[in-house]
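In what follows, a structure is listed as C-alpha coordinates, so that the remarks can point back to it.
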There are 2 protein chains.
Amino acid sequence: MSTATQGSGAMANAAGPALHQKVLDSLGEAIASGELAPGRRLTLDEIQQKYGISRTLARDIMQVLESMNVVYSRRRVGIVVQEPAHWNVFDPKLVRWRLASERRAEQYSSLTELRIAVEPIAAAGAARRASSAERSRLAGLAAELRQYGEAGDLELFLAADIAFHRLLLNSCGNEMFSALDSMVEEVLTSRTRQGLMPFHPSPEALRAHEEVAAAVASGDARTAETSMHRILNEVRNAMGLE
Amino acid sequence: MSTATQGSGAMANAAGPALHQKVLDSLGEAIASGELAPGRRLTLDEIQQKYGISRTLARDIMQVLESMNVVYSRRRVGIVVQEPAHWNVFDPKLVRWRLASERRAEQYSSLTELRIAVEPIAAAGAARRASSAERSRLAGLAAELRQYGEAGDLELFLAADIAFHRLLLNSCGNEMFSALDSMVEEVLTSRTRQGLMPFHPSPEALRAHEEVAAAVASGDARTAETSMHRILNEVRNAMGLE
DNA sequence: GTGTTACAAAAGATGCTACCTATCTGATCC
DNA sequence: GGATCAGATAGGTAGCATCTTTTGTAACAC
(Lines give C-alpha, C1' and ligand atoms only; values in the text may rest on other atoms or scores of the structure.)
Protein backbone atom coordinates (compact mmCIF):
# COMPACT_ATOMS: atom_id res chain seq x y z
CA MET A 1 0.00 0.00 0.00
CA SER A 2 2.83 2.36 0.74
CA THR A 3 4.07 2.37 -2.84
CA ALA A 4 0.88 1.63 -4.77
CA THR A 5 -0.22 5.21 -5.45
CA GLN A 6 3.17 6.72 -6.24
CA GLY A 7 2.57 6.82 -9.96
CA SER A 8 0.04 9.62 -9.82
CA GLY A 9 2.74 12.15 -9.05
CA ALA A 10 4.42 11.85 -12.40
CA MET A 11 1.41 13.10 -14.29
CA ALA A 12 1.18 16.45 -12.53
CA ASN A 13 4.89 16.90 -13.07
CA ALA A 14 4.59 17.75 -16.74
CA ALA A 15 4.07 21.45 -16.04
CA GLY A 16 7.77 22.23 -16.14
CA PRO A 17 10.25 23.41 -13.53
CA ALA A 18 8.76 26.83 -12.82
CA LEU A 19 5.66 25.58 -11.07
CA HIS A 20 6.83 27.05 -7.82
CA GLN A 21 7.27 30.47 -9.41
CA LYS A 22 3.88 30.38 -11.08
CA VAL A 23 1.91 29.61 -7.97
CA LEU A 24 3.95 32.04 -5.89
CA ASP A 25 3.30 34.84 -8.37
CA SER A 26 -0.35 34.03 -8.60
CA LEU A 27 -0.76 34.06 -4.84
CA GLY A 28 1.43 37.14 -4.46
CA GLU A 29 -0.56 39.08 -7.01
CA ALA A 30 -3.82 38.09 -5.38
CA ILE A 31 -2.58 39.48 -2.08
CA ALA A 32 -0.97 42.59 -3.54
CA SER A 33 -4.13 43.46 -5.43
CA GLY A 34 -6.23 43.15 -2.31
CA GLU A 35 -8.17 40.21 -3.70
CA LEU A 36 -6.97 38.32 -0.64
CA ALA A 37 -7.48 41.02 1.96
CA PRO A 38 -5.49 41.41 5.19
CA GLY A 39 -6.89 39.13 7.87
CA ARG A 40 -8.08 36.60 5.32
CA ARG A 41 -7.37 33.07 6.50
CA LEU A 42 -6.05 30.34 4.25
CA THR A 43 -5.03 26.78 4.90
CA LEU A 44 -2.41 24.64 3.23
CA ASP A 45 -5.17 22.27 2.13
CA GLU A 46 -6.95 25.11 0.41
CA ILE A 47 -3.81 26.13 -1.48
CA GLN A 48 -3.04 22.54 -2.40
CA GLN A 49 -6.45 21.97 -3.87
CA LYS A 50 -6.83 25.36 -5.53
CA TYR A 51 -3.59 24.96 -7.47
CA GLY A 52 -3.44 21.18 -7.59
CA ILE A 53 -0.03 21.03 -5.95
CA SER A 54 1.50 18.91 -3.26
CA ARG A 55 1.67 19.81 0.38
CA THR A 56 5.43 20.26 0.28
CA LEU A 57 5.18 22.79 -2.52
CA ALA A 58 2.36 24.65 -0.83
CA ARG A 59 4.49 24.83 2.29
CA ASP A 60 7.52 26.10 0.42
CA ILE A 61 5.50 28.84 -1.15
CA MET A 62 3.90 29.89 2.09
CA GLN A 63 7.31 29.89 3.70
CA VAL A 64 8.51 32.41 1.13
CA LEU A 65 5.44 34.60 1.60
CA GLU A 66 5.94 34.41 5.33
CA SER A 67 9.58 35.43 4.99
CA MET A 68 8.36 38.52 3.14
CA ASN A 69 6.00 39.28 6.03
CA VAL A 70 3.09 39.09 3.63
CA VAL A 71 1.42 36.34 5.63
CA TYR A 72 1.98 34.74 8.99
CA SER A 73 1.00 31.26 10.02
CA ARG A 74 -0.03 29.85 13.34
CA ARG A 75 -0.96 26.40 14.41
CA ARG A 76 -4.60 25.60 14.51
CA VAL A 77 -5.35 28.96 12.87
CA GLY A 78 -3.85 28.63 9.42
CA ILE A 79 -2.14 31.14 7.24
CA VAL A 80 -3.27 34.72 7.64
CA VAL A 81 -2.69 37.62 5.27
CA GLN A 82 -0.77 40.39 7.04
CA GLU A 83 -1.56 44.08 7.16
CA PRO A 84 0.31 45.85 4.32
CA ALA A 85 2.19 47.90 6.93
CA HIS A 86 4.18 44.76 7.80
CA TRP A 87 5.11 43.77 4.26
CA ASN A 88 8.72 43.86 3.06
CA VAL A 89 7.86 46.41 0.43
CA PHE A 90 11.44 46.53 -0.79
CA ASP A 91 11.34 42.94 -1.98
CA PRO A 92 11.47 43.11 -5.78
CA LYS A 93 8.88 40.36 -6.03
CA LEU A 94 6.41 42.36 -4.02
CA VAL A 95 7.14 45.50 -6.03
CA ARG A 96 6.46 43.53 -9.19
CA TRP A 97 3.19 42.18 -7.86
CA ARG A 98 2.05 45.61 -6.77
CA LEU A 99 2.96 47.11 -10.12
CA ALA A 100 0.90 44.38 -11.79
CA SER A 101 -2.15 45.20 -9.68
CA GLU A 102 -4.81 47.86 -10.01
CA ARG A 103 -3.07 49.83 -7.30
CA ARG A 104 0.03 50.37 -9.34
CA ALA A 105 -0.30 54.17 -9.13
CA GLU A 106 0.43 54.12 -5.40
CA GLN A 107 3.50 51.99 -5.98
CA TYR A 108 4.76 54.36 -8.67
CA SER A 109 4.36 57.36 -6.47
CA SER A 110 6.19 55.68 -3.58
CA LEU A 111 8.99 54.65 -5.89
CA THR A 112 9.25 58.12 -7.35
CA GLU A 113 9.49 59.68 -3.94
CA LEU A 114 12.17 57.14 -3.11
CA ARG A 115 14.09 58.16 -6.23
CA ILE A 116 13.84 61.80 -5.22
CA ALA A 117 15.35 60.90 -1.90
CA VAL A 118 18.05 58.51 -2.99
CA GLU A 119 19.39 59.56 -6.37
CA PRO A 120 20.86 62.93 -5.34
CA ILE A 121 22.78 61.26 -2.52
CA ALA A 122 23.82 58.50 -4.90
CA ALA A 123 25.13 61.13 -7.30
CA ALA A 124 27.17 62.67 -4.50
CA GLY A 125 28.46 59.22 -3.59
CA ALA A 126 29.44 58.53 -7.17
CA ALA A 127 31.33 61.82 -7.32
CA ARG A 128 33.35 60.66 -4.33
CA ARG A 129 33.76 56.99 -5.00
CA ALA A 130 33.12 56.00 -8.63
CA SER A 131 35.92 54.42 -10.64
CA SER A 132 37.36 56.39 -13.53
CA ALA A 133 35.83 53.96 -16.01
CA GLU A 134 32.42 54.57 -14.48
CA ARG A 135 32.90 58.34 -14.57
CA SER A 136 33.72 58.40 -18.24
CA ARG A 137 30.95 55.98 -19.14
CA LEU A 138 28.52 58.24 -17.32
CA ALA A 139 29.66 61.20 -19.42
CA GLY A 140 29.21 59.10 -22.56
CA LEU A 141 25.65 58.23 -21.55
CA ALA A 142 24.84 61.89 -20.92
CA ALA A 143 26.02 62.66 -24.45
CA GLU A 144 23.88 59.82 -25.81
CA LEU A 145 20.90 61.21 -23.95
CA ARG A 146 21.32 64.56 -25.69
CA GLN A 147 21.79 62.92 -29.05
CA TYR A 148 18.74 60.66 -28.88
CA GLY A 149 16.68 63.26 -27.07
CA GLU A 150 17.22 65.87 -29.73
CA ALA A 151 16.71 63.31 -32.47
CA GLY A 152 13.38 62.40 -30.87
CA ASP A 153 14.15 58.70 -30.60
CA LEU A 154 12.24 57.88 -27.43
CA GLU A 155 13.19 54.20 -27.45
CA LEU A 156 16.94 54.78 -27.54
CA PHE A 157 16.55 57.70 -25.17
CA LEU A 158 14.85 55.44 -22.67
CA ALA A 159 17.60 52.85 -22.95
CA ALA A 160 20.29 55.47 -22.34
CA ASP A 161 18.29 57.00 -19.49
CA ILE A 162 18.00 53.63 -17.79
CA ALA A 163 21.69 52.95 -18.29
CA PHE A 164 22.55 56.38 -16.86
CA HIS A 165 20.54 56.00 -13.69
CA ARG A 166 21.51 52.36 -13.19
CA LEU A 167 25.20 53.16 -13.55
CA LEU A 168 24.91 55.99 -11.11
CA LEU A 169 23.25 53.81 -8.49
CA ASN A 170 25.75 51.04 -9.05
CA SER A 171 28.82 53.23 -8.85
CA CYS A 172 27.94 55.21 -5.75
CA GLY A 173 29.50 52.66 -3.44
CA ASN A 174 26.35 51.97 -1.43
CA GLU A 175 25.02 48.50 -2.03
CA MET A 176 21.60 49.42 -0.70
CA PHE A 177 21.23 52.15 -3.31
CA SER A 178 22.56 49.73 -5.89
CA ALA A 179 19.79 47.28 -5.08
CA LEU A 180 17.23 49.87 -6.19
CA ASP A 181 18.42 49.87 -9.78
CA SER A 182 15.84 47.46 -11.14
CA MET A 183 13.04 49.42 -9.50
CA VAL A 184 14.23 52.66 -11.06
CA GLU A 185 14.40 50.93 -14.41
CA GLU A 186 10.83 49.79 -13.90
CA VAL A 187 9.66 53.34 -13.20
CA LEU A 188 11.50 54.83 -16.17
CA THR A 189 10.26 52.16 -18.53
CA SER A 190 6.67 52.43 -17.49
CA ARG A 191 6.47 56.19 -17.71
CA THR A 192 7.53 55.94 -21.33
CA ARG A 193 5.55 52.83 -22.19
CA GLN A 194 2.31 53.23 -20.35
CA GLY A 195 2.23 56.98 -20.73
CA LEU A 196 1.36 57.23 -17.06
CA MET A 197 3.73 60.15 -16.95
CA PRO A 198 4.21 61.54 -20.45
CA PHE A 199 7.79 62.57 -20.99
CA HIS A 200 9.42 64.77 -23.59
CA PRO A 201 13.06 65.30 -22.74
CA SER A 202 13.29 68.97 -21.92
CA PRO A 203 16.47 71.00 -22.59
CA GLU A 204 16.75 71.50 -18.83
CA ALA A 205 16.70 67.77 -18.18
CA LEU A 206 19.35 67.10 -20.83
CA ARG A 207 21.53 69.82 -19.39
CA ALA A 208 21.06 68.57 -15.84
CA HIS A 209 22.13 65.06 -16.84
CA GLU A 210 25.27 66.47 -18.40
CA GLU A 211 25.95 68.50 -15.28
CA VAL A 212 25.61 65.43 -13.10
CA ALA A 213 28.02 63.52 -15.31
CA ALA A 214 30.49 66.41 -15.33
CA ALA A 215 30.30 66.87 -11.57
CA VAL A 216 30.84 63.15 -11.00
CA ALA A 217 33.77 63.22 -13.43
CA SER A 218 35.41 66.07 -11.54
CA GLY A 219 34.57 64.66 -8.12
CA ASP A 220 32.32 67.57 -7.18
CA ALA A 221 29.87 65.88 -4.86
CA ARG A 222 27.85 68.96 -3.99
CA THR A 223 27.17 69.93 -7.60
CA ALA A 224 26.37 66.35 -8.51
CA GLU A 225 23.80 66.27 -5.74
CA THR A 226 22.10 69.53 -6.63
CA SER A 227 22.09 68.80 -10.36
CA MET A 228 20.52 65.42 -9.74
CA HIS A 229 18.04 67.18 -7.53
CA ARG A 230 17.14 69.37 -10.49
CA ILE A 231 16.46 66.33 -12.67
CA LEU A 232 14.14 64.91 -10.06
CA ASN A 233 12.39 68.20 -9.39
CA GLU A 234 10.97 67.99 -12.88
CA VAL A 235 9.79 64.48 -12.16
CA ARG A 236 8.29 65.66 -8.91
CA ASN A 237 6.43 68.48 -10.62
CA ALA A 238 5.26 66.24 -13.44
CA MET A 239 3.74 63.84 -10.90
CA GLY A 240 2.12 66.64 -8.92
CA LEU A 241 3.82 65.61 -5.68
CA GLU A 242 4.77 69.12 -4.59
CA MET B 1 10.61 -1.11 6.40
CA SER B 2 8.69 1.85 5.12
CA THR B 3 7.28 2.70 8.53
CA ALA B 4 9.86 1.15 10.83
CA THR B 5 12.01 4.25 11.32
CA GLN B 6 9.22 6.77 11.86
CA GLY B 7 9.84 6.99 15.57
CA SER B 8 13.18 8.69 15.22
CA GLY B 9 11.50 11.87 14.10
CA ALA B 10 9.84 12.51 17.40
CA MET B 11 13.10 12.72 19.24
CA ALA B 12 14.57 15.50 17.14
CA ASN B 13 11.31 17.35 17.51
CA ALA B 14 11.91 18.35 21.09
CA ALA B 15 13.86 21.43 20.04
CA GLY B 16 10.77 23.61 19.92
CA PRO B 17 8.92 25.29 17.11
CA ALA B 18 11.60 27.73 16.05
CA LEU B 19 13.92 25.17 14.53
CA HIS B 20 13.38 26.66 11.13
CA GLN B 21 14.34 30.11 12.36
CA LYS B 22 17.44 28.89 14.13
CA VAL B 23 18.90 27.09 11.14
CA LEU B 24 17.95 29.92 8.79
CA ASP B 25 19.68 32.48 10.98
CA SER B 26 22.74 30.31 11.37
CA LEU B 27 23.05 29.82 7.63
CA GLY B 28 22.25 33.44 6.90
CA GLU B 29 24.88 34.69 9.29
CA ALA B 30 27.44 32.34 7.82
CA ILE B 31 26.78 33.77 4.38
CA ALA B 32 26.55 37.40 5.50
CA SER B 33 29.84 37.14 7.34
CA GLY B 34 31.59 35.71 4.31
CA GLU B 35 32.26 32.42 6.03
CA LEU B 36 30.35 30.86 3.15
CA ALA B 37 31.81 32.87 0.30
CA PRO B 38 30.07 33.70 -2.99
CA GLY B 39 30.39 30.81 -5.40
CA ARG B 40 30.56 28.29 -2.58
CA ARG B 41 28.48 25.23 -3.44
CA LEU B 42 26.24 23.47 -0.96
CA THR B 43 23.89 20.54 -1.28
CA LEU B 44 20.69 19.77 0.56
CA ASP B 45 22.33 16.64 1.94
CA GLU B 46 25.10 18.72 3.41
CA ILE B 47 22.66 21.06 5.14
CA GLN B 48 20.59 18.14 6.38
CA GLN B 49 23.55 16.45 7.97
CA LYS B 50 25.24 19.57 9.29
CA TYR B 51 22.14 20.66 11.21
CA GLY B 52 20.55 17.25 11.68
CA ILE B 53 17.32 18.27 9.99
CA SER B 54 15.06 16.65 7.45
CA ARG B 55 15.11 17.23 3.74
CA THR B 56 11.81 19.10 3.87
CA LEU B 57 13.14 21.60 6.35
CA ALA B 58 16.40 22.03 4.49
CA ARG B 59 14.44 22.73 1.33
CA ASP B 60 12.19 25.26 3.02
CA ILE B 61 15.16 27.14 4.35
CA MET B 62 16.96 27.15 1.04
CA GLN B 63 13.78 28.34 -0.61
CA VAL B 64 13.74 31.35 1.67
CA LEU B 65 17.41 32.12 1.05
CA GLU B 66 16.80 31.77 -2.66
CA SER B 67 13.87 34.17 -2.50
CA MET B 68 16.24 36.70 -0.93
CA ASN B 69 18.65 36.19 -3.81
CA VAL B 70 21.30 35.11 -1.37
CA VAL B 71 21.71 31.76 -3.07
CA TYR B 72 20.52 30.19 -6.28
CA SER B 73 20.01 26.54 -6.92
CA ARG B 74 20.29 24.46 -10.03
CA ARG B 75 19.72 20.81 -10.64
CA ARG B 76 22.75 18.62 -10.64
CA VAL B 77 24.79 21.58 -9.35
CA GLY B 78 23.43 22.24 -5.91
CA ILE B 79 22.90 25.46 -4.06
CA VAL B 80 25.34 28.23 -4.81
CA VAL B 81 26.00 31.34 -2.75
CA GLN B 82 25.27 34.45 -4.83
CA GLU B 83 27.44 37.51 -5.29
CA PRO B 84 26.50 40.13 -2.68
CA ALA B 85 25.52 42.47 -5.52
CA HIS B 86 22.45 40.31 -6.10
CA TRP B 87 21.28 40.13 -2.50
CA ASN B 88 18.01 41.73 -1.39
CA VAL B 89 19.87 43.98 1.00
CA PHE B 90 16.64 45.61 2.14
CA ASP B 91 15.36 42.41 3.67
CA PRO B 92 15.38 42.99 7.44
CA LYS B 93 16.68 39.47 8.02
CA LEU B 94 19.70 40.14 5.87
CA VAL B 95 20.31 43.48 7.53
CA ARG B 96 20.22 41.73 10.88
CA TRP B 97 22.67 39.08 9.75
CA ARG B 98 25.05 41.66 8.37
CA LEU B 99 24.87 43.72 11.54
CA ALA B 100 25.73 40.58 13.50
CA SER B 101 28.80 39.92 11.38
CA GLU B 102 32.28 41.32 11.46
CA ARG B 103 31.41 43.56 8.57
CA ARG B 104 28.82 45.48 10.50
CA ALA B 105 30.60 48.79 9.94
CA GLU B 106 29.84 48.67 6.21
CA GLN B 107 26.20 47.98 6.93
CA TYR B 108 26.02 50.90 9.34
CA SER B 109 27.52 53.28 6.87
CA SER B 110 25.11 52.19 4.13
CA LEU B 111 22.18 52.56 6.48
CA THR B 112 23.33 55.98 7.61
CA GLU B 113 23.65 57.18 4.04
CA LEU B 114 20.18 55.82 3.41
CA ARG B 115 18.88 57.79 6.38
CA ILE B 116 20.52 60.93 5.04
CA ALA B 117 18.70 60.40 1.78
CA VAL B 118 15.31 59.37 3.05
CA GLU B 119 14.57 61.17 6.28
CA PRO B 120 14.51 64.74 4.92
CA ILE B 121 12.04 63.70 2.24
CA ALA B 122 10.06 61.82 4.83
CA ALA B 123 9.94 64.97 6.96
CA ALA B 124 8.60 66.91 3.98
CA GLY B 125 6.04 64.18 3.38
CA ALA B 126 4.95 64.27 7.00
CA ALA B 127 4.50 68.05 6.79
CA ARG B 128 2.13 67.49 3.89
CA ARG B 129 0.32 64.35 4.90
CA ALA B 130 0.59 63.54 8.62
CA SER B 131 -2.55 63.40 10.71
CA SER B 132 -3.04 66.05 13.37
CA ALA B 133 -2.54 63.45 16.10
CA GLU B 134 0.80 62.54 14.58
CA ARG B 135 1.84 66.18 14.31
CA SER B 136 1.18 66.89 17.95
CA ARG B 137 2.80 63.67 19.13
CA LEU B 138 5.90 64.62 17.13
CA ALA B 139 6.05 67.97 18.93
CA GLY B 140 5.71 66.18 22.25
CA LEU B 141 8.61 63.88 21.40
CA ALA B 142 10.79 66.84 20.44
CA ALA B 143 10.08 68.34 23.87
CA GLU B 144 10.95 65.03 25.53
CA LEU B 145 14.21 64.96 23.60
CA ARG B 146 15.18 68.33 25.01
CA GLN B 147 14.16 67.34 28.51
CA TYR B 148 16.08 64.05 28.58
CA GLY B 149 18.96 65.46 26.59
CA GLU B 150 19.54 68.32 28.98
CA ALA B 151 19.05 66.01 31.95
CA GLY B 152 21.71 63.73 30.48
CA ASP B 153 19.55 60.61 30.58
CA LEU B 154 20.91 58.82 27.53
CA GLU B 155 18.60 55.84 27.88
CA LEU B 156 15.39 57.85 27.86
CA PHE B 157 16.84 60.15 25.24
CA LEU B 158 17.47 57.16 22.99
CA ALA B 159 13.92 55.91 23.45
CA ALA B 160 12.47 59.30 22.54
CA ASP B 161 14.84 59.65 19.60
CA ILE B 162 13.76 56.29 18.23
CA ALA B 163 10.11 57.16 18.72
CA PHE B 164 10.63 60.51 16.97
CA HIS B 165 12.27 59.07 13.88
CA ARG B 166 9.93 56.09 13.70
CA LEU B 167 6.87 58.28 13.93
CA LEU B 168 8.20 60.55 11.23
CA LEU B 169 8.80 57.65 8.86
CA ASN B 170 5.42 56.14 9.64
CA SER B 171 3.46 59.34 9.18
CA CYS B 172 4.99 60.51 5.92
CA GLY B 173 2.51 58.56 3.83
CA ASN B 174 5.09 56.51 1.97
CA GLU B 175 4.95 52.87 2.91
CA MET B 176 8.45 52.24 1.57
CA PHE B 177 9.90 54.84 3.91
CA SER B 178 7.79 53.40 6.68
CA ALA B 179 9.35 50.00 6.15
CA LEU B 180 12.74 51.45 7.07
CA ASP B 181 11.73 52.25 10.61
CA SER B 182 13.17 49.18 12.24
CA MET B 183 16.50 49.70 10.49
CA VAL B 184 16.70 53.29 11.70
CA GLU B 185 15.94 52.08 15.20
CA GLU B 186 18.77 49.59 14.87
CA VAL B 187 21.22 52.32 13.87
CA LEU B 188 20.16 54.68 16.64
CA THR B 189 20.31 51.97 19.26
CA SER B 190 23.69 50.69 18.26
CA ARG B 191 25.35 54.08 18.12
CA THR B 192 24.36 54.61 21.73
CA ARG B 193 24.98 51.07 22.96
CA GLN B 194 28.09 49.99 21.14
CA GLY B 195 29.62 53.43 21.19
CA LEU B 196 30.47 52.95 17.55
CA MET B 197 29.48 56.57 17.11
CA PRO B 198 29.62 58.33 20.47
CA PHE B 199 26.74 60.75 20.78
CA HIS B 200 26.15 63.65 23.11
CA PRO B 201 22.99 65.49 22.16
CA SER B 202 24.19 68.89 20.99
CA PRO B 203 22.08 72.03 21.38
CA GLU B 204 21.94 72.24 17.57
CA ALA B 205 20.51 68.74 17.31
CA LEU B 206 17.88 69.44 19.97
CA ARG B 207 16.92 72.64 18.24
CA ALA B 208 16.77 70.96 14.83
CA HIS B 209 14.43 68.28 16.14
CA GLU B 210 12.14 70.96 17.48
CA GLU B 211 12.24 72.79 14.19
CA VAL B 212 11.30 69.65 12.29
CA ALA B 213 8.38 69.06 14.64
CA ALA B 214 7.25 72.68 14.33
CA ALA B 215 7.54 72.65 10.57
CA VAL B 216 5.55 69.43 10.33
CA ALA B 217 2.95 70.87 12.70
CA SER B 218 2.51 73.93 10.51
CA GLY B 219 2.64 72.00 7.26
CA ASP B 220 5.85 73.68 6.09
CA ALA B 221 7.41 70.94 3.99
CA ARG B 222 10.44 72.89 2.87
CA THR B 223 11.51 73.85 6.37
CA ALA B 224 10.86 70.34 7.64
CA GLU B 225 13.15 68.99 4.94
CA THR B 226 16.01 71.40 5.54
CA SER B 227 15.80 71.07 9.33
CA MET B 228 15.91 67.31 9.07
CA HIS B 229 18.82 67.71 6.75
CA ARG B 230 20.57 69.65 9.49
CA ILE B 231 20.05 66.81 11.97
CA LEU B 232 21.57 64.36 9.56
CA ASN B 233 24.45 66.61 8.62
CA GLU B 234 25.77 66.18 12.12
CA VAL B 235 25.44 62.45 11.77
CA ARG B 236 27.22 62.62 8.45
CA ASN B 237 30.08 64.61 9.92
CA ALA B 238 30.33 62.38 12.94
CA MET B 239 30.74 59.36 10.70
CA GLY B 240 33.26 61.07 8.47
CA LEU B 241 31.26 60.49 5.33
CA GLU B 242 31.74 63.96 3.90
C1' DG C 1 -29.95 30.46 36.02
C1' DT C 2 -25.54 32.45 35.06
C1' DG C 3 -20.71 32.75 34.96
C1' DT C 4 -16.32 30.49 35.38
C1' DT C 5 -13.00 27.01 35.28
C1' DA C 6 -11.27 22.46 33.64
C1' DC C 7 -10.84 19.20 30.52
C1' DA C 8 -11.45 16.92 25.98
C1' DA C 9 -11.44 17.03 21.14
C1' DA C 10 -10.33 18.74 16.77
C1' DA C 11 -7.98 21.62 13.42
C1' DG C 12 -4.09 22.72 11.22
C1' DA C 13 0.82 23.96 11.04
C1' DT C 14 5.44 21.77 11.95
C1' DG C 15 8.35 18.22 11.13
C1' DC C 16 9.74 13.60 9.34
C1' DT C 17 10.56 9.61 5.87
C1' DA C 18 10.50 7.78 1.43
C1' DC C 19 9.99 7.83 -3.27
C1' DC C 20 10.14 9.30 -8.31
C1' DT C 21 11.48 12.67 -12.14
C1' DA C 22 13.88 16.17 -14.82
C1' DT C 23 17.95 18.15 -15.88
C1' DC C 24 22.57 19.32 -15.88
C1' DT C 25 27.54 18.00 -15.81
C1' DG C 26 31.41 15.54 -16.52
C1' DA C 27 33.57 11.58 -18.21
C1' DT C 28 33.90 8.28 -21.68
C1' DC C 29 33.97 6.75 -26.21
C1' DC C 30 34.41 7.15 -31.04
C1' DG D 1 36.68 17.33 -31.01
C1' DG D 2 32.03 16.03 -30.84
C1' DA D 3 28.30 12.75 -29.43
C1' DT D 4 26.69 9.67 -25.78
C1' DC D 5 25.78 8.05 -21.43
C1' DA D 6 25.83 7.65 -16.38
C1' DG D 7 25.42 9.81 -12.15
C1' DA D 8 24.44 13.62 -9.04
C1' DT D 9 21.15 16.74 -7.26
C1' DA D 10 17.25 19.88 -7.03
C1' DG D 11 12.21 19.69 -7.92
C1' DG D 12 8.17 17.53 -6.99
C1' DT D 13 4.95 13.98 -4.83
C1' DA D 14 2.78 11.11 -0.95
C1' DG D 15 1.71 10.03 3.59
C1' DC D 16 2.39 9.93 8.60
C1' DA D 17 3.41 11.60 13.47
C1' DT D 18 3.46 15.43 16.63
C1' DC D 19 2.60 19.71 18.84
C1' DT D 20 0.02 23.84 19.73
C1' DT D 21 -3.90 26.46 19.93
C1' DT D 22 -8.65 27.04 19.71
C1' DT D 23 -13.12 25.75 20.72
C1' DG D 24 -16.76 23.29 22.64
C1' DT D 25 -18.61 21.16 26.57
C1' DA D 26 -19.22 19.64 31.06
C1' DA D 27 -18.85 20.33 35.76
C1' DC D 28 -18.92 23.33 39.39
C1' DA D 29 -19.45 27.49 42.08
C1' DC D 30 -22.18 31.45 43.02
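Remember, predicted model here, so these are calculated numbers, not experimental data. Chain identifiers are assigned alphabetically (A, B, ...) following the order of the sequence lines, protein sequences preceding nucleic acid strands; residue numbering begins at 1 within each chain.
We find that CZ of B:Arg59 is positioned 13 Å from C1' of C:dA18, with the value rounded to whole Å. The separation between B:His20 atom NE2 and D:dT20 atom C1' is 18 Å, rounded to whole Å. In this structure, B:Asp60 atom CG and C:dG15 atom C1' are separated by 10 Å, rounded to whole Å. Atom NZ of A:Lys22 is separated from atom P of D:dG11 by 17 Å (rounded to the nearest Å). One interatomic measurement links the two molecules: CG of A:Leu19 to P of D:dA10, which rounds to 19 Å at whole-angstrom precision. Rounding to whole angstrom units, OH of residue A:Tyr72 and P of D:dT21 are separated by 13 Å. In this structure, the CG atom of A:Leu44 is 12 Å from the C1' atom of C:dA11, given to the nearest Å. B:Leu24 has its CG atom 16 Å from the C1' atom of C:dG15, to the nearest Å.
Residues satisfying the ring pair (Phe, Tyr, Trp, His ring centres under 6.0 Å) criterion with A:Phe164, sequence neighbours excluded, are A:His209. Evaluation of the salt bridge (Lys or Arg N to Asp or Glu O under 4.0 Å) rule for B:Glu83 yields no partner, not counting sequence neighbours.
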Please list, pair by pair, any protein nitrogen or oxygen found under 3.5 Å from a nitrogen or oxygen in nucleotides 25-29 of chain C.
| residue | atom | partner | partner atom | Å |
| --- | --- | --- | --- | --- |
| C:dT25 | OP1 | B:Arg74 | NH2 | 2.9 |
| C:dT25 | O4' | B:Arg76 | NE | 3.4 |
| C:dT25 | O2 | B:Arg76 | NH1 | 3.4 |

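The pair A:Arg55-A:Asp45 meets the salt-bridge criterion, since a charged nitrogen lies less than 4.0 angstrom from a carboxylate oxygen. A salt bridge does not link A:Arg191 with A:Glu186: none of the charged nitrogens is closer than 4.0 Å to a carboxylate oxygen.
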TODO: For side chain to side chain donor-acceptor pair (under 3.5 Å), just list the numbers for A:Glu66 and A:Ser73, CA-CA rounded to whole Å, side-chain angles, deciding distance to a tenth of an Å, and then say yes or no.
DONE: CA-CA 8 Å; A:Glu66 189 166 5; A:Ser73 67; 3.2 Å; yes
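Between B:Gln63 and A:Arg55, the residue whose closest nucleotide on DNA chain D is further toward the 5' end is B:Gln63.
Residue-to-nucleotide contacts include a donor-acceptor pair under 3.5 Å from the side chain of B:Thr56 to the base of C:dT17.
Within the 4.0 angstrom heavy-atom criterion, no nucleotide atom of any strand lies near B:Ile47.
Using modelled atom types, no side-chain atom of A:Asn88 and backbone atom of A:Asp91 make a donor-acceptor pair closer than 3.5 Å.
In the set C:dC16, C:dA13, D:dA10, the nucleotide with an atom closest to the side chain of B:Leu57 is C:dC16.
Taken to the nearest 0.5 Å, the CG atom of B:Asn174 stands 10.5 Å off from the CD1 atom of B:Ile121.
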